[in-house]
Asker: 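Okay, handing you the structure first.
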Amino acid sequence: MPNLEQWPTGRLLTTAARLVEHAWNERLVDIGVTHAGVIALGVLADQGAMTQASLAQIVRVQAQTMGKTLARLESRGHVTRVRNDLDRRSHMVSISPAGRQVLETADDIERTLVAGGGLVSEELRGHLQTVIRELGAPRWNWAASDDAPQEGVAVDGSGASGPAATVPS
C-alpha cells in the first residue's frame with residue numbers, strides 16, 4: 001500500500017472521489033443507472049421538468065454528455081422527453097414514477113455505502129463544502145459565500161450529500 005501520509009491533499013481528494021464514485025457505480029448497476037444518471041434524476045426531482053440544455057448547465061456538463069445520460073435513462077423508463085411547446089427544436093425532460101423509485105433506491109444505496117467510517121461526519125462535509133465553494137466561486141461565477149452548489153447540482157464528478165447532490169466531472 002502506498003504511503004498516503006506523503007500524498008498531497010489534492011491527490012487524496014481526487015483518489016477518494018474516484019473510489020467513492022466507483023463504489024456507487026458498482027452498486028447502482030443493479031438498479032440500471034449510473035452515478036451521472038442519479039445526479040440528473042435528482043435535479044429533475046428537485047426542480048421539475050426542464051430542457052436538456054438547462055439540465056446540462058445545472059449539472060455542469062456539456063449538452064452532448066447530458067444527451068447520452070438522458071438516452072440511457074429514457075430507454076429504461078426513468079425519464080420522459082417531450083417536444084418543448086415554446087421551442088420546437090428542444091425537448092422538455094421530466095422524471096417518471098420509475099425514475100423517482102430508482103432515485104429513492106439510489107439514496108438508500110448511498111446511505112449504506114458511506115455509513116460508518118467517518119464518511120458522513122459533519123466536519124468532513126463542512127471541509128468539502130468549503131473546498132467546493134472556494135474553488136467553484138471563480139469557475140462558476142459564485143460569490144464565495146454563496147451556498148452553492150445546491151442539492152442535486154453537480155460539481156466535480158463524484159458526490160456531495162446524497163446521490164442527487166453529487167458532483168460529476
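Since the structure is predicted, the reported quantities are computational estimates derived from the model, not experimental observations.
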Asker: Any chance you could measure Gln129, atom CD, to Leu124, atom CG, to the nearest 0.5 Å?
Answerer: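 Answer rounded to 0.5 Å: 9.5 Å.
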
Asker: Of all heavy-atom pairs between Ile31 and Ala106, which one has the smallest distance, and what is that distance?
Answerer: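 Taking Ile31 first and Ala106 second, the nearest heavy atoms are CD1-N, 4.0 Å.
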
Asker: Tell me, please, which residues at least two apart from Asn25 pass side-chain hydrogen bond (donor to acceptor under 3.5 Å, both in side chains).
Answerer: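 side-chain hydrogen bond (donor to acceptor under 3.5 Å, both in side chains) check on Asn25 returns nothing, list empty.
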
Asker: Apply side-chain contact (heavy atoms from CB on, under 4.5 Å) to Ser94 and list each qualifying residue two or more places apart in sequence or on a separate chain.
Answerer: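 Scan of Ser94 (side-chain contact (heavy atoms from CB on, under 4.5 Å), adjacent residues dropped) gives Ala49, Thr80.
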
Asker: Taking side-chain hydrogen bond (donor to acceptor under 3.5 Å, both in side chains) as the test, write out the residues that go with Thr65, two or more places apart.
Answerer: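 Not a single residue meets the side-chain hydrogen bond (donor to acceptor under 3.5 Å, both in side chains) criterion with Thr65.
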
Asker: Output the distance between atom CZ (Arg76) and atom CZ (Arg72), rounded to the nearest 0.5 Å.
Answerer: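 Nearest 0.5 Å value for the CZ-CZ distance: 9.5 Å.
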
Asker: Are the side chains of Leu28 and Val38 in touch, meaning some heavy atoms are under 4.5 Å apart?
Answerer: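 A side-chain contact under 4.5 Å exists here.
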
Asker: Among residues two or more places apart or on two chains, list those pairs meeting salt bridge (Lys or Arg N to Asp or Glu O under 4.0 Å) that have a residue in residues 24-42.
Answerer: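 Applying salt bridge (Lys or Arg N to Asp or Glu O under 4.0 Å) to every pair that reaches into residues 24-42, excluding sequence neighbours, yields nothing.
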
Asker: Quick one: side-chain hydrogen bond (donor to acceptor under 3.5 Å, both in side chains) partners of Thr51, sequence neighbours excluded?
Answerer: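 Applying side-chain hydrogen bond (donor to acceptor under 3.5 Å, both in side chains) to Thr51 gives Ser54.
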
Asker: How close do Leu44 and Met50 get, heavy atom to heavy atom, and via which atoms?
Answerer: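 Closest pair (atom of Leu44, atom of Met50, distance): CD2-CG, 4.0 Å.
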
Asker: Using side-chain contact (heavy atoms from CB on, under 4.5 Å) as the criterion, list what pairs up with Ala16, not counting sequence neighbours.
Answerer: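 Applying side-chain contact (heavy atoms from CB on, under 4.5 Å) to Ala16 gives none.
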
Asker: So, using salt bridge (Lys or Arg N to Asp or Glu O under 4.0 Å) as the criterion, who are the partners of Arg89 when residues are at least two apart?
Answerer: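 Arg89: salt bridge (Lys or Arg N to Asp or Glu O under 4.0 Å) contacts with Asp87.
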
Asker: For Met66 versus Ala56, what's the shortest heavy-atom pair and its separation?
Answerer: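 That would be CB-CB, 3.7 Å.
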
Asker: With Asp85, which residues qualify under side-chain contact (heavy atoms from CB on, under 4.5 Å), at least two apart?
Answerer: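 For Asp85, the residues satisfying side-chain contact (heavy atoms from CB on, under 4.5 Å) (neighbours in sequence not counted) are Arg88.
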
Asker: Side-chain heavy atoms under 4.5 Å apart, restricted to Ile/Leu/Val/Met/Phe/Trp/Tyr: what other residues fall into the cluster of Met92, or is it alone?
Answerer: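 Val82, which link up through side-chain heavy atoms under 4.5 Å apart, make up the rest of the cluster.
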
Asker: Roughly how far, to the nearest 0.5 Å, is OG1 of Thr69 from NE2 of His78?
Answerer: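 With rounding to 0.5 Å, NE2 (His78) is 13.5 Å from OG1 (Thr69).
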
Asker: By side-chain contact (heavy atoms from CB on, under 4.5 Å), which residues pair with Pro97, not counting sequence neighbours?
Answerer: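 Listed in chain order: nothing, the list is empty.
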
Asker: Count I, L, V, M, F, W, Y as connected when their side-chain heavy atoms are under 4.5 Å apart, and connections chain through other members. Are Leu19 and Trp24 then in the same cluster?
Answerer: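 No.
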
Asker: My understanding is that only residues two or more places apart in sequence, or in another chain, count here; which of them pass side-chain hydrogen bond (donor to acceptor under 3.5 Å, both in side chains) with Thr130?
Answerer: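 With neighbours one apart ignored, the set is empty.
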
